[in-house]
Amino acid sequence: MIAKVEPLTTARALRGPFDYLLTGRMTGVGVGSLLLVPFGRQRLRGVVVALTETSELPAERLAEPIAVLGEPVSQSLVDLGLWVARQYVSTPARGLELVLEPGGGRGVGARTELRATITEAGRSALGGSERLGPKQVAALERLEASAGPVAAGADRDAMRRLGARGLVELVDAEVSRRPEVVAVGARGARPELTPAQAAAVKRIKAGLDGSGGELLLHGVTGSGKTEVYLTATEAALERGRGVIVLVPEIGLTPQTVSRFEARFGDGVAVLHSALSAGERRDEWMRLRRGEARVCVGPRSAAFAPVEGLGLIVVDEEHDSSYKQESDPRYDARDVARRRAHTEQAMLVFGTATPRPESWERLERVELRERADGSPMPGIEVVDMRERDGREGPFHARTREALARLAVTGGKAIVMVPRRGWSPFLDCRVCGHSWSCPNCDVSLVLHRAGDVMRCHHCGHTEGVPEQCTECGSASIARHGAGSEQVADIVTELVEPVPVFRLDSDSATRKGAHARILAEFDRAPTGVLIGTQMVAKGHDFGDVVLSVVVDADSSLRFPDFRAEERTFALVSQLAGRSGRGGSGRVLVQTLAPAADAIVSAADHDAPGFLAGELERRRELAYPPFATLLRIEMSAKDGRDAEGAALEVAARLRPLLPRGATLLGPAPRFRLRDRERRQLLVKAGDRAAAIAAVREAVEGAVAAKAMRGVQVSVDVDPQ
Ligand code: ADP
Ligand code: ZN
Ligand code: ZN
């Protein structure tokens with residue numbers, strides 16, 4: 001038997017798979033097995049992607065694998081990994097790494113504990129047949145009192161001695177390291193579904209009983225989408241099928257996780273990157289063995305080893321965290337589609353603010369009202385043009401609304417576009433500004449730690465006391481980040497506590513969830529932070545939400561700017577007024593912008609209709625596919641040369657009607673100069689194939705020395 005093995009190496013130029021001879025010595029090797037194989041003078045890990053009877057090479061030239069590593073994965077996951085590699089113009093190794101056991105067979109083992117059971121001889125020893133020390137008596141009594149095996153724990157030494165005398169039976173049992181879940185507002189109760197929820201569940205069940213399908217669950221914030229997911233999950237489990245629930249980010253959605261755990265207990269496995277290596281491996285293994293049939297996790301959970309998949313839920317489907325921003329730059333929403341399609345599972349995209357792509361393409365099920373019957377909060381657009389810039393980040397109206405909190409009680413959420421204290425410093429005399437030496441972006445002043453920091457590469461330097469160019473001591477600080485806004489609000493609302501949520505305030509594992517839990521428990525408080533505060537938390541008593549600068553996302557030079565702004569404003573507004581009255585203030589310099597007006601009117605259908613019209617005219621997604629190819633190098637000339645080479649190869653390969661833009665410079669990042677090519681094409685598959693061929697051709701022709709190339713299909 002021949003195993004076709006894809007070696008797990010990052011070299012783009014390597015062309016697998018390679019044949020290895022399986023002899024009787026190595027048993028149980030199949031598609032999906034992870035092997036250690038000899039490769040030239042090295043040893044590499046590799047995945048079996050196919051088994052065949054014959055090889056093009058003579059048997060005596062074939063090497064044998066050295067060992068089997070770790071747990072095999074299913075054929076369908078191998079296929080999915082290879083699909084990702086092709087679809088996102090990456091390498092088979094990178095695609096396959098996504099589906100393998102966490103740790104990929106590199107030394108994360110099972111944890112075991114010593115467990116003891118009393119034997120017949122042990123019982124008679126307790127009856128006086130043998131001499132026992134006091135510790136041994138205590139240990140045996142503990143075992144006798146228990147029906148089954150008992151963890152040896154602190155009695156480990158005594159147990160071992162008893163074991164040696166045959167008085168107890170000892171086993172090393174595997175125990176799962178379960179991650180700790182911070183419960184945020186988990187409600188175990190099972191409400192009776194509203195008619196709209198019941199209709200949504202009925203539609204999903206039809207898919208479960210048929211051959212799957214796709215669906216957009218468009219429900220306003222608080223309409224009870226999560227309850228629909230929970231009931232649909234029960235329906236899938238009743239039918240013997242497994243479930244994957246994708247959430248934007250575990251740390252920011254502890255509530256959804258808690259609600260699944262409250263409903264399904266140990267039947268749920270949680271997979272994400274903040275787990276320890278051991279926890280991750282054990283959760284993965286519980287899914288692999290079918291001990292847990294429901295997986296909740298962020299984008300990587302799209303690859304979870306759930307067998308007999310019946311349902312995939314993508315919660316908050318509009319969230320850009322579903323896109324991986326390093327190679328392979330996969331989109332978990334498309335991976336989920338692929339997987340649902342091949343496994344005939346039902347796929348549900350849920351959100352209050354659908355992507356234009358989903359709105360255009362998918363069957364819709366609507367939840368038009370909040371589950372608790374409360375009205376949507378009133379949204380006031382606050383025109384910042386009528387205001388003097390020296391008054392700080394808040395309009396007078398916003399300041400008053402915040403200050404009232406100290407009197408009225410309740411909670412408020414404030415969303416600020418940037419973290420840090422001041423995003424921009426310059427010299428009042430000569431105009432010099434401070435930017436990162438490695439990246440062409442400005443440094444952000446952080447008062448905590450008293451440093452200037454680059455938000456792209458992490459470079460830090462001291463805060464300047466005088467201008468490095470002209471020596472002037474007059475340095476202006478522009479703009480207010482979350483750190484400064486939190487300071488201002490603290491003074492405004494005293495003694496109401498202020499909670500800050502951004503990636504500076506929460507660097508340690510689980511810190512986000514803890515801050516959210518504290519805010520949830522506090523009788524009154526203000527939650528201040530970056531876009532993180534707009535994600536799907538459900539707090540009962542938020543009476544005020546503030547968007548400090550709604551234009552920051554609108555100013556982004558990107559065709560998704562409107563979509564993103566609409567989602568951010570609507571999502572933040574949706575945190576307000578659950579179970580009662582709520583007020584939302586949206587500060588903006590562009591009060592007439594479509595995205596802002598539609599969000600203020602709670603008019604997702606209106607916004608989407610206009611946005612789709614605009615995209616159709618400009619031939620943007622979903623009416624075309626975009627691909628971005630980025631070349632980066634220490635020296636700009638190398639990046640430019642590589643970009644020209646790829647462009648020259650690509651032009652004749654592109655499908656009819658496709659356009660190629662560039663090479664165009666992108667800002668320098670981490671001390672690398674960058675050039676990009678942009679492809680816009682109607683024929684998605686043909687465009688991807690053309691880009692793959694052009695990039696691989698350029699690599700093979702050694703035109704990419706010292707140049708990193710990355711391809712982004714559907715850049716966000
Ligand atoms: P969404 O996910 O759409 O934002 P949730 O599922 O979080 O909405 O529901 C919002 C709130 O309404 C939650 O507190 C939830 O427990 C409650 N809820 C959901 N469905 C019902 C129902 N059928 N009856 C009463 N309360 C419900
Ligand atoms: Zn100066
Ligand atoms: Zn930098």
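Every number for a ligand or one of its atoms is a count from 1 in the order of the listing.
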At the Zn ion (ligand 2), SG of Cys467 and SG of Cys470 open up to roughly (10° bins) 110°
message: Angle at the Zn ion (ligand 2), SG of Cys430 to SG of Cys427, rounded to 10 degrees, please.
response: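 Output for this angle: 110°, rounded to tens.
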Out of curiosity, is Ser223 lining ligand 1, as in a heavy atom under 4.0 Å away?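 Ser223: in contact with ligand 1 (<4.0 Å).
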Checklist entry - Gln466 and Ser472: side-chain donor and acceptor closer than 3.5 Å? => result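 Their side chains do not contain a donor-acceptor pair, so the 3.5 Å distance test is not met.
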**Message:** When you compare the side chains of Gln571 and Arg575, does any donor N or O come within less than 3.5 Å of an acceptor on the partner?
**Reply:** yes
**Q.** Carboxylate-amine/guanidinium proximity below 4.0 Å for Asp319 and Lys535
**A.** yes
### Query
Where the closest heavy atom to atom 10 (C) of ligand 1 is concerned, which of Gly219, Gly222, Ala198 has it?
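The residue whose heavy atom sits nearest atom 10 (C) of ligand 1 is Gly222.
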Could you list the atoms of ligand 1 found under 4.0 angstrom from a heavy atom of [X]?
{"X": "Glu227", "value": "6 (O), 20 (N)"}
{"X": "Ala371", "value": "12 (O), 18 (N), 19 (C), 20 (N), 21 (C), 27 (C)"}
{"X": "Glu192", "value": "22 (C), 23 (N), 24 (N)"}
{"X": "Thr194", "value": "23 (N)"}

Report yes if Thr226 has an N/O atom closer than 3.5 Å to an N/O atom of ligand 1; otherwise report no.
->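 The answer is yes, given that Thr226 and ligand 1 share an N or O pair closer than 3.5 Å.
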Short N or O distance, Asp372 and ligand 1, threshold 3.5 Å exclusive:
no
Report the protein N/O/S neighbours of the Zn ion (ligand 3) that fall below 2.8 Å; do not count waters.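 Per the 2.8 Å query on the Zn ion (ligand 3), atoms found are Cys436 SG, Cys439 SG, Cys454 SG, Cys457 SG.
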Exercise for the section: Indicate yes or no for a side-chain donor-acceptor contact from Thr231 to the backbone of Glu227 under 3.5 Å, with no hydrogens or angles considered. Expected result: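 Checking the backbone N and O of Glu227 against the side chain of Thr231, a donor-acceptor pair under 3.5 Å is found.
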The ring pair (Phe, Tyr, Trp, His ring centres under 6.0 Å) partners of His459 (sequence neighbours excluded) come to none
Only one of Arg337, His318, Glu316 passes side chain to side chain contact (heavy atoms under 4.5 Å, CB included) with Phe349, and that residue is Arg337
